[in-house]
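Let me begin by presenting the structure, written as structure tokens, before commenting on it.
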Amino acid sequence: MQLPVVVGVDGSGPALTAVDWAVDEAARRGLPLRLVHASLWERYEGAVPRAGTEPPAERLMAQQVLGTATERARRRDADVKVCTSLLPEDPVSALVHASAGACVLVTGSRGRGGPRHLLVGSVSRALAARARCPVIVVRGDPAGLAGRHERILLGAGGPATCGEAVRFALCEAELRDCVLDVVRAGHRTAGSPGTHGTPPRAGPHADAAVLDELLHEAQSEHPSVRVRATTVEGPAHRVLVDRSAAADLVIVPARRATGHPGLQLGRTVRALLHHAQCPVAVVPHRVV
């Protein structure tokens, strides 16, 4: 069974941009696309008396949102199979549930109801923390959204929590036939705590060994991918936000501890969700 690319739609501009991105991703992967619109319109159906047999305005609006997104997806790529789901649920709960049967979950940076001054909406943040598959928050400048840089950026953590993110990044780079830049950033002040939430590291040789351990096995499964691995002195959140300006997708791991409902979104993930200049993929890693 092929798991679809799932995208949440709400009629907003960022959501329609996410539809475009999700269509392209589904085409690259040869997967179907599932458009999901969720709202609590059903609870209002009986709240206001109405005459005749016309559906309530809330339901008509929800159907229109899905119809517009479906038409846009088919114009983008007629070869991608599209299905839709209209769910009378809270959007976060509905999309988290949908993520259990998704290859990736795609969302816009802000929803229709979010204040325009916010750089990332509450739904996008919640999905990045709770979804059961990789979440891609579509944001950034036109070049990054269009994939013109031909470059994927991976923020590398430790081998114990980065395996899924490495495999996801290699797969994306292979699908796009582009370079994968793997960056390990932090402070190399041995014997003292790192600043800005970044742990200290022993030095460049230790970093190179970590990168080798991260990439060796997974890279053998994607031998055609061109990988450039570098270590950088400085806080990871600043390094990756700066480098996102020359990337088509930045990928970061996030920890999910057994027995806890969500991911541990650190400063780096939060900074990228707010400030990255290209789409951001948050890849969960389950730890005990």
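Index from 1, following the sequence.
Side-chain atoms of Arg72 do not come within 3.5 Å of backbone N or O of Asp20 as any donor-acceptor pair. Distance alone, capped at 3.5 Å, is enough to place a donor-acceptor pair between the Ser244 side chain and the Gln277 backbone. When atom types are taken as modelled, the side chain of Arg130 and the backbone of Arg125 share no donor-acceptor pair closer than 3.5 angstrom. Side chain of Arg76 to main chain of Asp24: no donor-acceptor pair is present (N/O by atom type, distance under 3.5 Å, no hydrogens or angles). Under a 3.5 Å cut-off, the side chain of Thr84 and the backbone N or O of Leu35 do not form any donor-acceptor pair.
Leu175 and Ile152 are assigned to two separate hydrophobic clusters, defined by single-linkage of ILVMFWY side chains at heavy-atom distances under 4.5 Å. A continuous path of ILVMFWY side-chain contacts below 4.5 Å connects Val241 to Val183, so both sit in one hydrophobic cluster. Under the 4.5 Å side-chain heavy-atom criterion for ILVMFWY residues, a single connected hydrophobic cluster contains both Val80 and Leu66. Residues Leu86 and Val19 are members of one and the same hydrophobic cluster, defined by side-chain heavy-atom contacts under 4.5 angstrom among Ile, Leu, Val, Met, Phe, Trp and Tyr. Val227 and Val283 fall within a single hydrophobic cluster, where Ile, Leu, Val, Met, Phe, Trp and Tyr are joined by side-chain heavy atoms under 4.5 Å apart, directly or via other members.
Going from atom CZ of Arg243 over to atom SG of Cys278 covers 13.0 Å, rounded to the nearest 0.5 Å. For the atom pair Ser124 OG and Leu95 CG, the distance stands at 9.5 Å (nearest 0.5 Å). The distance from the CD atom of Glu172 to the CG atom of Leu153 is 13.0 Å, given to the nearest 0.5 Å. Here CZ of Arg226 is found 7.0 Å from SG of Cys178. Values are rounded to the nearest 0.5 Å. From His237, atom NE2 reaches atom CZ of Arg270 across 9.5 Å, with rounding to the nearest 0.5 Å. Atom NE2 of His37 is separated from atom OG1 of Thr70 by 11.5 Å, given to the nearest 0.5 angstrom.
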Test side chain to side chain contact (heavy atoms under 4.5 Å, CB included) on Leu3 and Leu31 and set out the steps. CA-CA 7 Å; Leu3 295 179; Leu31 295 175; 5.9 Å; no
Evaluation steps, side chain to side chain contact (heavy atoms under 4.5 Å, CB included), between Val282 and Val280: CA-CA 6 Å; Val282 180; Val280 179; 4.3 Å; yes
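The residues Arg74 and Glu71 are annotated as not salt-bridged, no charged nitrogen and carboxylate oxygen being separated by less than 4.0 angstrom.
Environment of CD in Gln64: sparse, with no more than 12 heavy atoms of neighbouring residues, nucleotides or ligands closer than 6.0 Å.
Listed here is the closest heavy atom pair of Val250 and Ala276: CG1-CB, 4.3 Å. Among all heavy-atom pairs drawn from Asp10 and Ala15, the shortest one is OD1-CB, 3.3 Å. When all heavy atoms of Leu145 and Pro279 are compared, the closest pair comes out as CD2-CG, 4.0 Å. Between Glu164 and Pro284, the shortest heavy-atom distance links the atoms CB-O, 3.8 Å. Smallest separation of non-hydrogen atoms from Ala156 and Val182: CB-CG1, 3.8 Å. Shortest non-hydrogen contact noted between Ala94 and Leu87 is CB-CD1, 3.9 Å.
Evaluation of the side chain to side chain contact (heavy atoms under 4.5 Å, CB included) rule for Ala98 yields Val6, Arg34 as partners, not counting sequence neighbours.
Tested against Val36 for a side-chain contact (heavy atoms from CB on, under 4.5 Å), the candidates Cys83, Pro91, Ser85 yield a single pass: Ser85. Here the rule is side-chain contact (heavy atoms from CB on, under 4.5 Å) with Ile136, and of Leu105, Thr107, Leu249 only Leu249 fits it.
Between Pro4 and Lys81, every side-chain heavy-atom pair lies at or beyond the 4.5 Å cut-off.
A side-chain hydrogen bond (donor to acceptor under 3.5 Å, both in side chains) check over residues 143-152, counting only residues at least two apart or in different chains, returns the pairs Arg151-Asp181.
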